[in-house]
Amino acid sequence: MLDLNFDPANIVWFLLVLVRISTIVFIVPVFGGNFVPLQWKIGFSVIMTVLLSMNMEKPPYDAALMQASGLFVAAAREVALGFIFGLASGFIFYAVMLWGQVIGAQIGLGLANIIDPQVETDISVISQFYYLFAIVVFLSIDGHQMLIRGMVDSFRFFPLGTLSLPLEGMSSFIEASGCIFRIAVQLAASMIVLLLLVSTALGIIARTVPQMNIFIVGFPLTLLVGLFGMVVSIPYVTKALIDLFQRIPADLAMIMGSR
């Protein structure tokens with residue numbers, strides 16, 4: 001239970017929980033995007049910390065945490081754990097953004113970029129569309145509840161006050177980060193093949209009918225076929241994203257050292 005008595009140990013314990021939770025909230029794309037108001041992120045972090053503190057078993061007293069050096073090291077560890085958790089939870093979203101960049105370049109919208117507040121850089125409009133679509137799919141399958149359960153489980157695998165990092169799960173974390181490119185290529189494979197066939201057909205037309213200005217015909221045709229392929233592939237993309245999002249708890253469990 002949360003002890004409201006003024007005790008430095010209780011204050012330190014509460015602050016360490018807040019550091020881990022707030023780091024996760026600010027890193028995970030769904031909770032920590034720049035389109036989410038800062039007041040909401042701070043309030044959500046505080047509410048989650050209070051609720052967790054009321055239902056967590058208080059760790060034993062540690063004199064090292066009462067010193068500035070020990071508190072700094074413990075806080076740095078909580079930031080690192082929250083950073084790893086947040087990045088691992090957002091790998092699929094980063095893969096979706098890369099997938100959109102590839103498709104946008106293929107259909108000729110590589111120069112039609114907008115400022116994305118999430119990454120604070122120019123991205124393709126197709127990438128932004130798929131990113132927002134992935135968030136909708138994630139929320140529709142109660143993915144936010146999976147993230148909250150993962151936050152709670154992180155305190156079970158890595159209790160407060162211990163100063164060791166999950167080095168045994170770093171290999172799983174690195175492997176999961178490498179999946180960003182594999183997932184992006186797998187999602188974009190069908191569209192790449194479709195647009196490659198269109199380019200091949202345009203090349204054949206350019207050789208057989210040299211009088212036709214293939215550049216004037218090619219761009220709108222490629223754009224039309226690309227948009228048509230995006231619309232047709234929506235059901236399959238939704239199923240693929242659901243399967244990927246449902247793997248997040250297993251990936252987080254591997255990173256946290258659970259089997």
Side-chain angles (χ1 to χ4, degrees), residues 26-36 86-141 143-144 175-207 212-248 251:
F26 276 78
I27 292 296
V28 174
V30 178
F31 294 149
N34 288 343
F35 52 85
V36 180
L87 280 182
S89 302
F91 281 155
I92 295 177
F93 292 97
Y94 305 139
V96 168
M97 294 178 67
L98 179 59
W99 164 37
Q101 287 288 96
V102 173
I103 297 301
Q106 290 292 321
I107 66 177
L109 293 178
L111 297 179
N113 293 347
I114 59 176
I115 295 294
D116 180 23
Q118 174 66 25
V119 295
E120 297 182 353
T121 186
D122 293 347
I123 66 169
S124 169
V125 291
I126 304 298
S127 180
Q128 182 73 355
F129 167 76
Y130 277 130
Y131 175 73
L132 295 176
F133 181 74
I135 291 180
V136 172
V137 174
F138 184 77
L139 295 176
S140 67
I141 63 172
H144 55 291
E175 181 181 354
S177 65
C179 292
I180 294 177
F181 303 98
R182 177 175 59 83
I183 292 173
V185 172
Q186 289 176 343
L187 292 174
S190 59
M191 287 291 296
I192 291 176
V193 172
L194 175 62
L195 295 174
L196 179 62
L197 293 177
V198 173
S199 299
T200 303
L202 290 174
I204 295 175
I205 294 174
R207 296 290 294 177
M212 179 181 295
N213 192 334
I214 200 64
F215 294 102
I216 296 178
V217 177
F219 177 76
L221 179 62
T222 303
L223 180 60
L224 179 63
V225 172
L227 294 178
F228 176 77
M230 288 176 56
V231 173
V232 172
S233 64
I234 286 295
Y236 307 99
V237 168
T238 303
K239 185 178 183 303
L241 289 176
I242 291 175
D243 294 338
L244 290 172
F245 288 140
Q246 289 177 344
R247 287 169 41 191
I248 290 180
D251 294 338

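Side chains are part of it too, since the values below use all heavy atoms of this structure and drop only hydrogens, waters and symmetry mates. Since the structure is predicted, the reported quantities are computational estimates derived from the model, not experimental observations.
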Shortest non-hydrogen contact from Met191 to Gly229?
-> SD-C, 3.7 Å
Can you name the nearest heavy-atom pair linking Leu187 to Ala240, along with the distance?
-> CD2-CB, 4.0 Å
Any salt bridge (charged side-chain N to carboxylate O under 4.0 Å, His left out) pairs touching residues 229-239, not counting sequence neighbours?
-> Lys239-Asp243
Would you name the heavy atoms of Ala188 and Val102 that are closest together and state the gap between them?
-> CB-CG1, 4.3 Å
Taking all non-hydrogen atoms of both residues into account, name the closest pair between Phe138 and His144 and its distance.
-> CE2-N, 3.6 Å
Are more than 12 heavy atoms from other residues, nucleotides or ligands located less than 6.0 Å from atom CZ of Arg207?
-> no
Can you name the nearest heavy-atom pair linking Arg182 to Arg247, along with the distance?
-> NH2-NH2, 4.1 Å
Please examine the side chains of Phe91 and Ile248, heavy atoms only from C-beta on, and report whether any two atoms are closer than 4.5 Å.
-> no
Is the closest side-chain heavy-atom distance between Phe93 and Phe245 below 4.5 Å?
-> yes
Donor-acceptor under 3.5 Å (Thr222 side chain, Ile107 main chain) = no
At what distance, to the nearest 0.5 angstrom, does CD1 of Ile234 lie from OH of Tyr130?
-> 5.5 Å
How long is the span from the CD1 atom in Ile135 to the OG atom in Ser140, to the nearest 0.5 Å?
-> 12.0 Å
Is there a side-chain contact between Tyr131 and Pro29 (heavy atoms, below 4.5 Å)?
-> yes
Give, for atom CG of Leu195 and atom CG of Leu223, the distance between the pair rounded to the nearest 0.5 Å.
-> 10.0 Å
Find the distance between CD1 (Ile141) and CD1 (Ile242) and round it off to the nearest 0.5 Å.
-> 6.0 Å
Please walk me through it: do Tyr94 and Phe181 pass ring-ring contact (aromatic ring centres under 6.0 Å, His included)?
-> CA-CA 9 Å; Tyr94 305 139; Phe181 303 98; over 10 Å; no
